[in-house]
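Shown next, in structure tokens, is the structure this report addresses.
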Amino acid sequence: MLPEAPGEVGAEMAGPLPSPATGRALLAWYDVHRRDLPWRAAPGEVSDPYRVWLSEIMLQQTTVAAVRSYYAAFLDRWPRVNDLAAAEDGEVMAAWAGLGYYARARNLLACARVVAVSGFPATREGLRALPGVGDYTSAAIAAIAFGEPAVVVDGNVERVVARLTRLARPPKAARRAVEAAVEAMLPADRPGDFAQAMMDLGATICTPKSPACAICPLLHDCAAARHGEAAAYPVKAPKKARAVWRGAMFVPVRPDGTVLVRRRPERGMLGGMVEVFGSPWAAEIGDAADHAPFAAAWTAAGSITHTFTHADLTVDVFRADVAAETAAPAGGWWADPAAAGLPTVMKKAVTRALAMAEG
DNA sequence: TAGACGTGGCG
DNA sequence: TCGCCAAGTCT
């Protein structure tokens with residue numbers, strides 16, 4: 001594919017491409033207002049790639065406030081990447097519990113075990129090949145830990161650039177234009193500070209709602225602010241209408257309070273998670289009774305709703321009180337619902353069933 | 001490539 | 001209360 005002509009990129013923007021002067025102004029602001037974060041090297045000090053990597057993985061789609069205690073606990077328990085590489089899977093997963101996106105923890109450990117042997121790659125390209133390290137994280141580590149003039153684009157950067165340039169399309173749909181804008185203002189001598197400065201600006205001044213334009217160091221470089229419409233950017237992609245799904249779930253309860261569960265297939269929604277028996281989720285499910293795990297005195301326990309990213313689900317819940325010796329059907333087992341590791345939608349259904357008065 | 005993947009905080 | 005959001009990656 002041919003490289004895009006500058007005009008093609010610029011055509012996405014109602015404002016001009018940012019200049020190197022804008023990048024320098026941002027760094028001047030950063031030198032005074034930078035956030036003091038535990039994974040950040042002091043000014044003039046060399047960054048530890050392990051700490052940068054660990055923090056960047058934890059910060060994916062996760063707030064600084066949520067990460068702080070986990071970062072401290074991990075660093076205390078596994079001070080170097082070799083320590084983490086030698087850890088057992090279960091203890092790392094347990095230490096990650098509560099942070100969310102658990103694939104990150106699995107990739108973290110896999111990555112540590114690679115790095116423990118060969119060390120951290122010192123280039124963006126090399127970093128990009130590590131498990132759990134994508135376009136953003138590879139660029140961030142390369143810039144912050146190794147001083148590579150990588151173009152770092154995260155959600156903060158997208159927002160800042162969208163406002164600076166009055167970007168006409170949603171940033172993710174105008175990826176090349178965003179990168180071109182960042183590159184145009186990137187100070188080659190301080191790429192790591194520049195990346196962190198963009199993120200600090202996005203997190204503290206150029207916020208999603210109610211941006212503090214009056215105290216922004218880039219106010220006079222910002223096309224959106226000049227038009228008094230910073231909050232109108234970035235342009236949002238139109239929300240797709242959510243599908244409407246229905247389902248039925250069946251909760252047999254033994255006298256000791258255990259309920260019947262099974263494990264979902266590894267792939268697909270809630271892959272590998274524990275669930276209660278029930279129907280597939282679809283626009284129509286037909287007769288709920290067709291999906292019961294076994295014949296019993298099923299009683300309607302009402303319904304629950306749950307919103308997924310792309311579907312609104314309503315589930316009719318049924319309960320049956322069964323004998324202690326009731327056998328679990330193939331694939332199922334009896335579990336204490338409080339300790340079964342149920343995802344939220346399943347917890348809702350079980351809670352609904354158990355809230356029903358017995359008998 | 002659009003969708004899945006977790007959780008807690010905020011207006 | 002509830003939708004939106006927060007330093008994305010993988011398939």
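Labels below follow one simple rule: chain letters A, B, ... track the order of the sequence lines, proteins then strands, and each chain is numbered from 1. Just so it is clear, the values below take in all heavy atoms, side chains as well, and ignore hydrogens, waters and symmetry mates.
The stretch residues 138-150 of chain A does not touch DNA chain C, since none of its heavy atoms comes less than 4.0 Å from the strand. Using a 4.0 Å cut-off on heavy atoms, the residues of residues 22-38 of chain A that approach DNA chain C are Arg35(A), Leu37(A), listed by number. Near-neighbour residues of DNA chain B inside residues 43-68 of chain A, defined by a heavy atom below 4.0 Å, number-ordered: Gln61(A), Thr62(A).
Partners of Asp193(A) under the salt bridge (Lys or Arg N to Asp or Glu O under 4.0 Å) rule, at least two apart in sequence or in another chain, are Arg190(A). Listed by chain and number, the residues in a side-chain hydrogen bond (donor to acceptor under 3.5 Å, both in side chains) with Glu229(A) are Arg166(A) (sequence neighbours excluded). Remark: Phe250(A) engages Trp298(A), Phe318(A) in a ring pair (Phe, Tyr, Trp, His ring centres under 6.0 Å) (not counting sequence neighbours). Remark: Tyr136(A) pairs with Glu56(A) by the side-chain hydrogen bond (donor to acceptor under 3.5 Å, both in side chains) rule, at least two apart or across chains. Every residue meeting the ring pair (Phe, Tyr, Trp, His ring centres under 6.0 Å) condition with Phe120(A), not counting sequence neighbours, appears here in chain and number order: Trp53(A). Scored by the salt bridge (Lys or Arg N to Asp or Glu O under 4.0 Å) test, Arg77(A) finds Glu91(A) as partners (sequence neighbours excluded). In terms of the ring pair (Phe, Tyr, Trp, His ring centres under 6.0 Å) criterion, Phe277(A) has no residue partners (sequence neighbours excluded).
With rounding to whole Å, Asp200(A) atom CG is found 11 Å from dA7(C) atom P. Between the P atom of dG3(B) and the OH atom of Tyr101(A) lies a distance of 15 Å, rounded to the nearest Å. Rounded to whole Å, atom P of dG8(C) lies 10 Å from atom CZ of Arg159(A).
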Do any side-chain atoms of residues 287-297 of chain A form donor-acceptor pairs under 3.5 angstrom with protein atoms, and if so which ones, sequence neighbours left out?
unit_1, atom_1, unit_2, atom_2, d
Asp287(A), OD1, Ala289(A), N, 3.0
His291(A), NE2, Ile285(A), O, 3.3

Donor-acceptor pairs are to be reported for all side-chain atoms of residues 182-189 of chain A against protein atoms at under 3.5 Å, with residues two or more places apart or in another chain.
none

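Between Thr137(A) and Arg128(A), the side chains place no donor N or O within less than 3.5 Å of an acceptor N or O (distance only, hydrogens not considered).
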